[in-house]
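These notes are about the structure you will find just below.
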Amino acid sequence: MPQVIDLHPPHRSELDMYNCGIEDCRPGHFFGPAVREYYLIHVIRSGKGFFQVGNQRYPLRRGQGFLICPDVVTFYQADQDDPWHYSWVGFNGTKARDYLEAAGLSQANPIFGFDREDALPEWIGRMVEAGSLGRGRETALRGLLYLFLSRLIENAKTECAGNQLSKKEQYLQKAIEFIRINYSRKITVRQIAAFVGLDRSYLSALFREELHRSPQEFLIRFRMEKARGFMANESLSIGDVARSVGYDDPLQFSKAFKKWSGLPPSRYRKRAGEDASG
DNA sequence: CGTATATGCCACCCCGATGA
DNA sequence: TCATCGGGGTGGCATATACG
């Protein structure tokens, strides 16, 4: 018999719980394909099953969990022989996405693992217990949800520290860090590679493999995103913006910006201003 | 022990931009 | 027009680690 706590659709604040529950699925039990209007995390206490989003299919088992994002079609099903027993919590709010991001979770990366000492299922168990409270119920559930997410975030941290990141990912992080700090200066792909300590062609291959674009393409996109931000400041000339993102030649900047956004900087700024005023 | 896989460097070729 | 330069990408090869 599943235990479920269902709240009224809450007003939108920083973090709101929609529901939570514990369920021991029967063999082959499934849900979907369907969408949710909130984030929904399942943590698997035992057994097996799979989670499918788009054409990605994730076989999952005890000690793992998955995130369903709002308005995304998903399907999940318990194993026929060893059906999973999971606990789940649904939530949303203005900060929900930030917390999930801190835990390394997103639509693109919806899977996580957890250790016994993380006690993620136990937190949901306490939520279900708190469901029988009176006037303090909503506050208790909110607190437990925060604690649950804090465990999830902490868990993501140790995963990184525990060298879960491959060398490739570490190199990419280092390269991106260099770009983040130096985008406003004239930097070359060779300098980025030297900073990371890799051969230029090898770094290029890593970018292509992991990010599906070359280091230079990544750098240009990064600069254009920054430029877009700078252009909101009307006191800066296009030349000022160009120099602020590492272009000493405004014409070259305009060309790159047009290629990126479809509009030359001056027209882009004009249109953005019109959009903002009505 | 041999083999597979990941990692990483290097030589090389091609392209486009630039500038004399 | 042609040389140069920065850059992207490939294939070959070496090394280390994991795995049976």
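Computed from a prediction, not measured in an experiment: that's the story for all the values here. Chain letters run A, B, ... following the sequence lines, proteins first, then strands; residues in each count from 1.
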Check: Any ion pair linking A:E129 and A:R126 (charged N to carboxylate O, less than 4.0 Å)?
Finding: no
Notebook entry, point to check: Looking only at side-chain N and O atoms, does A:S204 come under 4.0 Å of OP1 or OP2 in C:dG9?
Noted result: yes
Check: So A:V189 and A:L219, side-chain contact (heavy atoms from CB on, under 4.5 Å) or not? Walk me through it.
Finding: CA-CA 9 Å; A:V189 174; A:L219 173 63; 5.8 Å; no
Note to self: Whether A:R228 and A:E225 form a salt bridge (side-chain N of Lys/Arg under 4.0 Å from carboxylate O of Asp/Glu) is what I want to check.
What the structure shows: yes
Notebook entry, point to check: Under 3.5 Å, is there a donor-acceptor pair between the side chain of A:R190 and the main chain of A:R200?
Noted result: no
Check: Is A:R45 salt-bridged to A:D24, going by a charged N under 4.0 Å from an acidic O?
Finding: yes
Next item on the list: Rounded to the nearest angstrom, tell me the gap between atom CD in A:Q216 and atom P in C:dG8.
Entry: 5 Å
Next item on the list: Can you tell me the distance, in whole Å, between the CD atom of A:E217 and the P atom of C:dG7?
Entry: 13 Å
Notebook entry, point to check: Would one find a side-chain N or O of A:S214 under 4.0 angstrom from OP1 or OP2 of C:dG9?
Noted result: no
Next item on the list: Please report, rounded to the nearest Å, how far the P atom of B:dG8 is from the CG atom of A:L203.
Entry: 11 Å
Item checked: Strand contacts (DNA chain B) in residues 194-202 of chain A, 4.0 angstrom heavy-atom criterion -> A:G197, A:L198, A:D199, A:S201, A:Y202
Check: What is the distance, rounded to the nearest whole Å, between atom CZ of A:F218 and atom C1' of C:dG9?
Finding: 20 Å
Next item on the list: Find the distance A:F207:CZ to B:dG8:P and express it as a whole number of Å.
Entry: 14 Å
Next item on the list: Please say whether the positively charged group of A:R36, taken as NZ for Lys or CZ for Arg, lies over the ring of A:F31, i.e. under 6.0 angstrom from the six-membered ring centre and within 45 degrees of the axis.
Entry: yes
Notebook entry, point to check: Can you tell me how far C1' of C:dC5 sits from CD of A:Q191, to the nearest Å?
Noted result: 14 Å
Item checked: Spacing of A:I220 atom CD1 relative to B:dA17 atom P, expressed in whole Å -> 11 Å
Check: Starting at CZ of A:R190 and ending at C1' of B:dC10, how long is that distance when rounded to a whole Å?
Finding: 13 Å
